Number of protein chains: 2
Amino acid sequence: MPSHKWRKRFRGSGSRWTAPREAILNLLSKTSKHMSAKEIYQALLRIYPGIGLTTVYRTLDLLEKMGFLNKIPLGSGENKYELITESDQTHHHHLICTQCGKIIDYTDFVDEELELIKKTEKSLKQRHRFQITDHNIEFYGVCEQCQKRR
Amino acid sequence: MPSHKWRKRFRGSGSRWTAPREAILNLLSKTSKHMSAKEIYQALLRIYPGIGLTTVYRTLDLLEKMGFLNKIPLGSGENKYELITESDQTHHHHLICTQCGKIIDYTDFVDEELELIKKTEKSLKQRHRFQITDHNIEFYGVCEQCQKRR
DNA sequence: AATGATATTGATAATCATTTTCAATAACAT
DNA sequence: ATGTTATTGAAAATGATTATCAATATCATT
Ligand SMILES: [Mn+2]
Ligand SMILES: [Mn+2]
Ligand SMILES: [Zn+2]
Ligand SMILES: [Zn+2]
């Protein structure tokens, strides 16, 4: 468990290093999946009985604010979370199954994409006086398994 | 009120032409805003007292399925709706204020965008065996008014 | 124009994800 | 070891949307 790399980043922020926070970070670092609060809660129940769903929500909020993870709205009102890895494929977008909610990362044409994004952002900033902070690109469809299911 | 152009499109679909449906279509055709169910409900109350919020939701669902309007998830769990105009700027994307939820249409670089989209879609389709049905591009930021507000 | 089958409506209650409240507990600077 | 206060978990509250259901309106057919 090389899980203490996050610990230091809690220092000085006024936030404390607690068992739920460690558990959630460990879980998310072990999976490549994009998980919802409830999924995270249920997965944790096995290794951490007694953890509260409320705590999961609060922790996810905190971790997002600290820049540890991304929150991905599913349109159904449900959100999914993924750890931000400081390693390789940091910038990526998503392919979302509209049937089961599965999310797949992709990095196709990121360079061209970024160029276009940059241009558009600049244009929008000037014309609408928006302070642009982020963008989102995603594709929707039906995954292989859900295609077979009917 | 040239509002009877939709009427015929209800024929044969088994759906009936009703007052709430006409009211909602009229309202949305008069505005360029992207409105939530509640906003639509409240706007209608003045001209159509007694209309139910439930009916608004149901009608919006129906109209979306019939291809009359787009549903835009806000990430906060709230959705906004816009009429699809058969006229000019059909294909566009959105600039969304994260403070007040205001949505602004933009059509910058749509040609380049569509080219990139097409390429990416093809690539994703092959590699992940997804049946891709749609895409979404949006920018987030803070609108001019919300910048002033603090 | 009257009839009848059934699509639609609106009030109410139910869901579902997320947030708020609050008293009990745990983390950590001293 | 101690005290301050951030954090936790249970329970209730919220906000958007959906399900139920009896009453009503639409519209094809007399
Ligand atoms: Mn991802
Ligand atoms: Mn629009
Ligand atoms: Zn799927
Ligand atoms: Zn705004």
Side-chain angles (χ1 to χ4, degrees), chain A residues 3-4 6-25 34-45 47-66 68-69 71-81 98 100-101 103, chain B residues 3-4 6-25 34-42 44-45 47-66 68-69 71-81 98 100-101:
Chain A
S3 44
H4 292 260
W6 297 292
R7 195 169 185 165
K8 53 189 85 152
R9 296 190 51 180
F10 276 81
R11 289 261 164 77
S13 70
S15 298
R16 295 171 181 178
W17 182 247
T18 68
R21 290 167 186 185
E22 180 171 15
I24 289 174
L25 280 169
H34 303 70
M35 303 178 78
S36 68
K38 200 195 287 179
E39 285 169 344
I40 291 169
Y41 168 69
Q42 287 168 339
L44 283 182
L45 270 184
I47 187 179
Y48 189 151
I51 192 173
L53 179 55
T54 307
T55 300
V56 173
Y57 276 109
R58 269 186 306 229
T59 304
L60 289 171
D61 273 2
L62 174 68
L63 293 178
E64 192 205 1
K65 272 167 197 142
M66 291 180 79
F68 285 119
L69 41 81
K71 183 180 188 174
I72 303 142
L74 236 57
S76 58
E78 196 184 7
N79 296 303
K80 295 218 167 190
Y81 297 85
T98 53
C100 70
I103 300 182
Chain B
S3 46
H4 292 260
W6 299 290
R7 196 169 185 166
K8 51 188 88 152
R9 296 190 54 180
F10 276 82
R11 290 261 164 78
S13 70
S15 296
R16 295 172 181 177
W17 183 247
T18 68
R21 289 169 186 184
E22 181 172 13
I24 289 174
L25 279 169
H34 303 71
M35 303 178 79
S36 68
K38 200 195 286 178
E39 284 169 345
I40 292 170
Y41 169 69
Q42 287 168 339
L44 284 182
L45 270 184
I47 186 177
Y48 189 152
I51 192 172
L53 179 57
T54 308
T55 300
V56 174
Y57 275 110
R58 268 187 306 231
T59 304
L60 291 172
D61 272 3
L62 174 68
L63 294 178
E64 191 205 2
K65 273 167 196 144
M66 291 180 78
F68 285 118
L69 44 80
K71 184 180 187 173
I72 302 141
L74 235 59
S76 59
E78 197 184 6
N79 296 303
K80 296 218 165 188
Y81 296 85
T98 53
C100 69

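Note that the structure is predicted; figures quoted are calculated from it, not measured. In what follows, every chain begins at residue 1, and chains take the letters A, B, ... in the order their sequences are listed.
- Taking atom CD of residue B:Glu78 and atom C1' of nucleotide D:dT14, one finds them 14 Å apart after rounding to whole Å.
- Separating the CG atom of B:Leu44 from the P atom of C:dG10 is a distance of 10 Å, rounded to the nearest angstrom.
- Between B:Lys38 and D:dG15 there is no side-chain polar atom (N or O) within less than 4.0 angstrom of OP1 or OP2.
- Contact between the side-chain N/O atoms of A:Tyr41 and the OP1/OP2 oxygens of C:dA17 is not found at any separation under 4.0 Å.
- Mapping A:Gly14 and B:Ser76 onto DNA chain D via the closest heavy atom, the residue that lands nearer the 5' end is A:Gly14.
- If you check residues 53-62 of chain B against DNA chain D, the residues with a heavy atom closer than 4.0 Å are B:Thr54, B:Tyr57, B:Arg58, B:Asp61, listed by number.
- When the P atom of C:dT8 is taken as reference, atom CD1 of B:Ile24 falls 13 Å away, rounded to whole Å.
- Summary of helix geometry: the two end axes of the helix from C:dA1-D:dT30 to C:dT30-D:dA1, each defined by five base pairs via their C1' atoms, are inclined to each other by 30° (rounded to 10°).
- A parallel orientation is assigned to the rings of A:Phe10 and A:Phe68, their planes being inclined by less than 30° (bins at 30° and 60°).
- When rounded to the nearest whole Å, the span between CD1 of B:Ile51 and C1' of C:dA11 equals 14 Å.
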What one-letter contact string describes nucleotides 25-30 of chain D from 5' to 3', where B marks a base within less than 4.0 Å of any protein heavy atom, S marks contact via sugar-phosphate atoms alone, and - marks no contact?
BBS---
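- OP1 or OP2 of C:dT18 sits under 4.0 Å from a side-chain N or O of A:Asn79.
- The separation between A:Glu22 atom CD and D:dT7 atom C1' is 15 Å, rounded to whole Å.
- One can place CE of B:Met35 at 15 Å from P of D:dA16, the figure rounded to the nearest angstrom.
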